[in-house]
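Report on the following structure.
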Amino acid sequence: MVRLSVPEDQPLAVQQWQGLIAINYPARKHGMNRHITIAEAKKLCPDLIMQHVATWKEGDEKWAYHEDAFAHIATHKVSLDPYRRESRRILACIKDVLPAPPMQKVEKAGIDEVFLDLSAQIHSILLERYPELSGPAPYDDPTESLPRPPTTALDWNTDALVDLDTAETEDDDPDWDDIAMLIGSEIVRSVRAAIRERLKYTCSAGIAKNKMIAKLGSAHQKPNQQTIVRNRAVQQFLGGFKFTKIRNLGGKLGDQVVSTFGTDLVKKLLEVPLEQLKFKLGDDTGSWVYQIIRGEEQSEVNSRTQIKSMLSAKSFRPSINSMEQAVRWLRIFAADIYSRLVEEGVNENKRRPKTVNLHHRQGGQMRSRQAPIPSGRSIDEILIFELAKTLLGQVIVEGRAWPCANLSLSVGGFEDGPAGNRGIGGFLVRGEEAKVMKLAACDADHRALTGGDDRPEKRRKVDDGGIQKFFAKRDGSREERDEDFDSDQHAHVDADQHDDGEGGSDAEVYGQAGLQGKIAWPEERSTDAADAHEHTQEISDPSHPLLVETYTCDRCSKSMAMSNQAEHEDWHFAKDLQAQERTNATSAGARPSSAPHGNSELSKVGPTRGPKRPGGAGQTGAPVQKRAEKGQSKLVFGR
DNA sequence: TCAGGTGTC
DNA sequence: GAGACACCTGA
């Protein structure tokens, strides 16, 4: 809708071959969902615009919106690039609105979804607004209760507020958890407003104490709305769901639970004792299910916005039957992946994949082969293509290769380029690296201009059968003492473009508004030195410099734990990129493909992983990762 | 690391 | 269903 500038009330759907992959809200009003054919859709709504997704045509240098793409399923391949690009712009916008890392925690949860951990930001706003929380504690006793919140009525603005649990009433005065959620919702509203104003997209959000509830909340009221699930409302909210709607219970595990206990309702499953769950599902999975349906979940918002693998795939209808046909598709895959690698910055040595993977399906049989990408030489489309051909050869010699119903090529194991090796190193090294990067960029540009690789060992073959060298355009506790302040502020933002039945086209922000840990008087920190140390990596408060090796950003002079350096620099990178996009938009001048952006590597120096769960039955690994891993952002009130 | 699989969007 | 992703496990 944004791309085509269609009116907001115009029914529109995105078509992919004979199916519809996204349906906007005006179209949903006509009773459409994703599972209907395009003929049925047109019948339901003659006014419907059905826009086919962009496709790559064999031999073309770039994907495009082809008039009659749906008629060319045999020769075209879908390109989701436009959506990836918009996804990046939206992510950059969100990062722009939020304070700099390490305060900022954003997890890309899908092409149109993010989780935000707003704990740190909410914490600092709380201290600003309620200086009485800064302590010291009465009588110097950190176990003393916090003061009651001064406010008696909170203004929830236009947010959808989930009803409170039965034991609670709206007449009860708000507690600190409520206030944390309120602040979270203010932040989320500003994020959504920025996305709307700058990029024209609506989205919906959920604000709650953890990712699971925030995500459920984000889908609760759509489009273009946000839902707050206060801690006091969690039981009430969750009780009304089928547990198969809960993340990780939508698949086989969920089915297993349904058939084991004969219900798909949270309410019913709540009656099953822990021991029963553990007995029937295994200790780990059983405990996980027990916790999750009670609204308990501690998975972290993983500060991750970069992709880890890249895949180009095609299902063949009808199947293909020869090496020659398959190779033609490998060319397209290689071109697709290479162009995306260029956008990822391979030519600037920013990030680089380590492996190539080929998947092949024949009948019900899936097979795959992978190979390392030779290090130390630059990656180009030919290299990817040649590796892919080798892998295909390996699959074929095993026999039973035809008829082939599906083929996919992917690259993965992304590694940071030289600029990513940011350990103890200072800025001097970076200066050198900057030079190297610049040289690499020049080299890439030179190659682009001269139309080929000028190193003898990598000379382009004379005629490669249609692949053109190209460079893609760069485009809490209540007042009770010592109680857990169990309100990690998480937000989930989701594009208003979901199609799971009721959902419409609007993205989602899962706003986890959570302060996991305790709300307590500042002195508590010193009474728990060992614990504090354990969490030093998480502490964003610069008042803890002695506990951890610090890094001071040379661009904004902000100090932080060394472990947060990489992420912080990424944030600057995102800012730069955005600024550059703005200037690109205003001055229409063409630009070389490799404008320097300064440093930006994502070396994962995140919190140390918790202990791995011991072996266990090969259950869907899902709950494993969900299991509480210590190292949560423990926020201690104070200073 | 490799091959296979699950879950989700 | 199709095209992506992330993450897990056993060998």
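Computed from heavy atoms alone, side chains included, the values below leave out hydrogens, waters and symmetry copies. In this text the structure is predicted, and so the values were computed from the model without any measurement. Lettering follows sequence order; numbering is per chain, from 1.
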Applying side chain to side chain contact (heavy atoms under 4.5 Å, CB included), name anything that partners A/V397, two or more places apart in sequence or on another chain. none
Give the rounded distance in Å between these two atoms: CH2 of A/W17 and P of C/dG1. 17 Å
Using a cut-off of 4.0 Å on non-hydrogen atoms, how would the nucleic acid contact of A/S408 be classed: base, sugar-phosphate, or nothing? nothing
Using a heavy-atom cut-off of under 4.0 Å over every strand shown, decide if A/L391 touches base, sugar-phosphate, or nothing. nothing
Within the structure provided, determine whether A/W17 and A/H76 are in side-chain contact (heavy-atom separation under 4.5 Å). yes
Would you say A/F279 has more than 12 foreign heavy atoms packed within less than 6.0 Å of its CZ? no
Without decimals, in angstroms, what is the distance between A/M366 CE and B/dC2 P? 18 Å
Nearest-Å distance, CG (A/L358) to C1' (B/dG4)? 15 Å
Rounded interatomic separation in angstrom, taking NZ from A/K252 and P from B/dG5: 9 Å
For B/dC9, does either OP1 or OP2 sit under 4.0 Å from a side-chain N or O belonging to A/K215? yes
Using only side-chain N and O atoms of A/Q370, determine if any of them is under 4.0 Å from OP1 or OP2 of B/dC2. yes
Any donor and acceptor pair, going by atom type alone, linking the side chain of A/Q104 with main-chain N or O of A/K95 inside 3.5 Å? yes
Under 4.0 Å from OP1 or OP2 of C/dA4: is there any side-chain N or O of A/S410 that close? no
When we call it a touch if two heavy atoms are under 4.0 Å apart, what does A/K108 touch: a base, just sugar-phosphate, or nothing? nothing
Residue met sooner reading DNA chain C from 5', once A/K77 and A/G19 are mapped to nucleotides: A/G19
Separation of B/dA3 P from A/Q365 CD (nearest whole Å): 14 Å
I want to verify a distance call: between B/dG7, C/dG3, B/dC9, whose nearest atom is closest to the A/D112 side chain? B/dC9
For the residue pair A/F316 and A/W329, does the interplanar ring angle fall in the parallel (under 30°), tilted (30 to 60°) or perpendicular (over 60°) class? tilted
So, is A/R84 close to the C/dG3 phosphate, meaning a side-chain N or O under 4.0 Å from OP1 or OP2? no
Please determine, for the side chain of A/S368, which listed nucleotide (B/dC9, C/dA2, B/dG4) has the closest atom? B/dG4
Please give, in whole Å, the distance from B/dC9 C1' to A/F115 CZ? 11 Å
From the options B/dT1, C/dG3, C/dG1, select the nucleotide whose nearest atom is closest to the side chain of A/K354. B/dT1
Those residues at least two apart in sequence (or on a different chain) that pass side chain to side chain contact (heavy atoms under 4.5 Å, CB included) with A/T390 are A/Q394
C/dA4 P sits how many Å from A/N357 CG, rounded? 14 Å
Under 4.0 Å between a side-chain N/O of A/S315 and OP1 or OP2 of C/dG3, yes or no? yes
Name the closest nucleotide to the A/Q16 side chain, picking from C/dA4, C/dA2, B/dT8. C/dA2
If you compare every side-chain N and O of A/K308 against the phosphate oxygens of C/dC5 (OP1, OP2), does one of them come in below 4.0 Å? no
Taking 4.0 Å as the cut-off, does a side-chain nitrogen or oxygen of A/R340 come that near to OP1 or OP2 on C/dC5? yes
Hey, which sits more toward the 5' end of DNA chain B by its nearest nucleotide, A/I246 or A/P372? A/P372
Separation of B/dG5 atom P from A/N406 atom CG, nearest Å, is 14 Å
With a non-hydrogen cut-off below 4.0 angstrom, is A/G250 in contact with a base, only sugar-phosphate, or nothing? sugar-phosphate
